[in-house]
Amino acid sequence: MHDSKQFLHPEAIARISRLELRARHIVEGFLSGMHRSPYFGQSIEFRQHRQYAPGDDLRHIDWKVWAKQDRYYVKQFEEDTNLRCNLLVDVSESMQYGSGPLSKYQYAATVAVSLAYMLLRQQDAVGCLAFDEAVRTTVPARSQRTHLTAIAESLAISKPREKTDLHRVLRGAAEAFPRRGMMVLISDLLTDQKKLLKGLRMLRQQGHDVMVFHIMDDDELDFPFNGPMRFEGLESSATLNCNPRALRAGYLAALGRFLEEVRRGCAKHTVDYHLIRTSEPLDAALAAYLTNRLGMHHRN
Amino acid sequence: MSFLHPALIATWLLPLVALPVLIHLINLMRHRRVRWAAMDFLLESQKRNRNWIRLKQILLLLARMAAVAAIVLMLAGPLLSDRWSRLFSGGSIHHVLLVDDSLSMTDQWENTSAIDAARGVVEHLAGRAARQSSPQNVTVWLFSDAAAGRAPEILHVPARSELLRSRSPAALVKASQLAVGPLEALEAADKKITRRADEKIVLYLVSDFRTQQWRDPAALREALAHWTDAGAKVELVRCVDRGHPNLAVTALAPETGIQAAGSAIRMGVEVTNFGPQAVRNVQVALENQTNLPGTSDTGGSAAGRGAVAERQALPAVTIDRIEPGKSARHGFSVMFPTAGDHEVHARLGADAVAADNERSYIARLPVDVPVLIVDGQPGSDDARMLNAALRRKLGTRPQVERTKYLKDQPLDKFSAIYLVNIARLDANELTALDAFAAGGGGVVFFTGDATRPEFVNESLYRGGKGMFPLPLVSQASLIVDRLDKVPDVDVDRTHPICERTFAGQHTGHELAGMLVDRYFAVDKQWRPDPASNTRVVAWLRNKAPLIVEHSFGRGTCLAVLTTAAPRWNNWATRPTGVLMWLETQVYLVARQAPRTCIEVGQPLTVEFDKSQYSPEVQFVRPTAKAPLRETVQATPLAAQPDRLSATLTATPLAGIYEARLKRTDGTMEVLRYAVNVPTSEGNLRTLSAEELRTITAGSPITVHEASEFSGDVTQQAGVNLGSHWGFFVILLGLLMVEQVLAYSASYHLPVSKGHVAKGQAVQTRGAR
């Protein structure tokens, strides 16, 4: 059976070196698997009719069609967006880890560019901010399609380094983007949990719609190590010689507590949170985004 | 605890036990490096579980070390102290091994023998003692040595000494042909073995425990109690599990006494069945070897045996049936044509004990047998009739003399002196006659008209201290009773003279023809003293004694209270009467016959005239190899200073021994002796273990079988835990504990596929 997502697996994506191409490949591949345009909303430009189904908003019923054919149809329009979306991509040292074809950083960058491509395609303005313990590069939000190259280049040249200081970065982002928009944080969140939630809360308080894509490697989530190991911290000087299997349960418990707290914190601040494995197909982030967008419309 | 392979412990235990530690250290150097992002969670986990993980790792390390140690121990063969092992533990031990080497230990069955079993026990115990770490001393003492007072060759020797390494104590254990029991050995060892306060004694009595040797259990119990009361541990080790059938030649001797050369001698061979079942058709092979007269000019031939002739096979005799535990005799005749020492051998077929299947006899035949007849009334019929009767015996040379011959001529050459109807003897004659009788000669008194009771009672009877057996009263006539059919004379048929004279005749017909008219009566109250050696051989119808025997010194005296001539009786005219005098002569000669047969272990004594021989006597005795010569200096006899005596004390082997006497003229005289195995050792019936336990009940004495000591020394050193199933269970348990600990310490992959256990890994899901 044909799998429409077969080209969205990290193994396949890893073979595409340029981020723009990756984004196009992902987005086109993702959209080609859908039976209808995901971009529906209130807009001027009419798209199509659809037979009424219970639950549809009565305001959208095309009464002219009803008058002619005695049938209920609702009108659907191309969404008219004027969204400003800023992609906050973590490029710290911890993002360098990767056990699969893509490191967390590569995965995050690919997700970011794919989102940018999809947003630019629907005329939204997209900006990008790469950070570690401080903002490294900033690409202002634009809606031109050529802007994708700038975003891709800003991520491509940002090699992982230094520690992560999300609170500082988020505070900076809040100050830099005072206009309401969408903030998409793509990170492994390996930083101070309280500061992270504090930064997210700050963004929410400014009216931003915040999405968190929590990128984690399989190794980090499963901890499948065997045999004597020496773990050396990517963002710290700590080292640990151990039998990893002996620490696995404790590690997973600690990780689980962390994830749970992050998840609760996000829920508390109405932040859309998605934990994504680097081994999962890259359309997961796009699907999550679209789900979020629909939900946002519903919320709005 | 000891080990079968202690070197394995010493060499490999520590390195192998240290192996898990070494592997652990190597693994520390082989850490795989990973640059890791989520260090905080890892450090938190490590901080939370550090102590628990370390404890499990230490337990795991200990479990692995214990498992390795258990495997090494198993291979090394740990020996759990069993009851035997405990005998070897507990400080300094002195193992006293009293080993039975009597003839019965040659009992052989299948491919082994009792002495082989004893040898195995000695080797095993000595080897086992050498393997102990605590001080162990060993004493090995044979019954024969202990009984003879010889010190043991191995006395309190350290088990690990060079002496025991170079020479196995089992090599000392050889069966002798002696009949020596455990009692003598125990008593000798009790005196010889020194008990030390810092040393525990374990006494092993290694024997076949023949019933014969344990006839007096009380004495043995007492002897063993000496050891147990002193704190010694006593172990009885049975070398034979049961008695085996055995036949033995238990007697080989002339039936009629030794006569002169040229006469046929009737001999008898006795075979005893010591087995539990009757045997049939027992064939006894017989051989005769005639030696030249016991004189040699050269002092011996090349063979060291003097002048000998070849052995001649005699017709074998067959004994039809011998009941179990019984003996059967069979007679045969042997002709000895010449004077000198003649060997007769009887041999049975092979059975459990070989040595008692053969028996030898030495017949020392003179050229003739001189007999002196002292005629109290010269020219009387008494001497003539007696002379005529004795001449009928081949080789007997009677000589009739008057009484003064007794004091004028030496009497040593005569085998017997017959005093016929003598009235009296003067003091010198009496002295010479006393000396003759006391020296072993035979004296026969025939009474008659001239006999004076006063003289007899005063000079010959002497209140019971003289040679005459009884006091006389007066002549008397036996009243004739025509109606009474009882014979005039009755005899003691168990006496050798009467036994042979009347052999097979129990009807009294021959006795009925022997009439007595007159005799010398004695006091009616006279009865032979039961404690004395006076014996009535024949008596009259009226119960008056007629022939009385009495021992005087080493000699034998007979008093015939009637005449030799048919004046007071008709004996001389009756064949039975003549035969009786001839048997009397045979009896007297036989009593004087030199003792040419002894048993193994008995001293061989030669007595000879000081004036005729040199005091140096050379004995030649058989050994397992060549005959051994031993010179013994003769010493004067206390009772007879003019005679010398030389004794060979060592007669350990059966066979023909020689005593070589050097005459004053330089020629040699060779006397031969047959040394036979003791007949008692042929009885192989043994005490069962239960019987032994019953005998030793109540004392801390244990009974063992020699088979408990068979096989490799190392395999008997205790219970080998290495091959015990329990040890495997423990080892398995250790390995299981190790596996559980290893799993617990996360050194094993989880059961589920892949590296992540189901439900454990963090699932990715969204949340809002």
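Proteins come first, then strands; the chains are lettered A, B, ... in the order of their sequence lines, and each starts at number 1.
- The structure places CG of A:Leu189 at 9.0 Å from CG of A:Leu275, a figure rounded to the nearest 0.5 Å.
- With a threshold of 4.5 angstrom between heavy atoms, A:Arg264 does not approach chain B through any atom at all.
- Aromatic ring centres of A:Phe223 and A:Phe225 lie closer together than 6.0 Å.
- Heavy atoms of B:Arg48 lying under 4.5 Å from chain A belong exclusively to its side chain.
- Both the backbone and the side chain of B:Leu42 come within contact range of chain A, each with at least one heavy atom under 4.5 Å from a heavy atom of that chain.
- Between chain B and the options A:Lys104, A:Arg257, A:His269, A:His214, heavy-atom pairs under 4.5 Å are most frequent for A:Arg257.
- The pair A:Asp222-A:Arg277 meets the salt-bridge criterion, since a charged nitrogen lies less than 4.0 angstrom from a carboxylate oxygen.
- Salt bridge status for B:Lys47 with B:Glu44: absent, with no side-chain N to carboxylate O gap under 4.0 Å.
- Neither the backbone nor the side chain of A:Asp217 comes within contact range of chain B, judged by heavy atoms closer than 4.5 Å.
- For A:Phe231, the parts lying near chain B are the backbone and the side chain together; criterion is any non-hydrogen pair under 4.5 Å.
- With A:Thr110 contributing its side chain and A:Gln106 its backbone, the two residues share a donor-acceptor pair below 3.5 Å.
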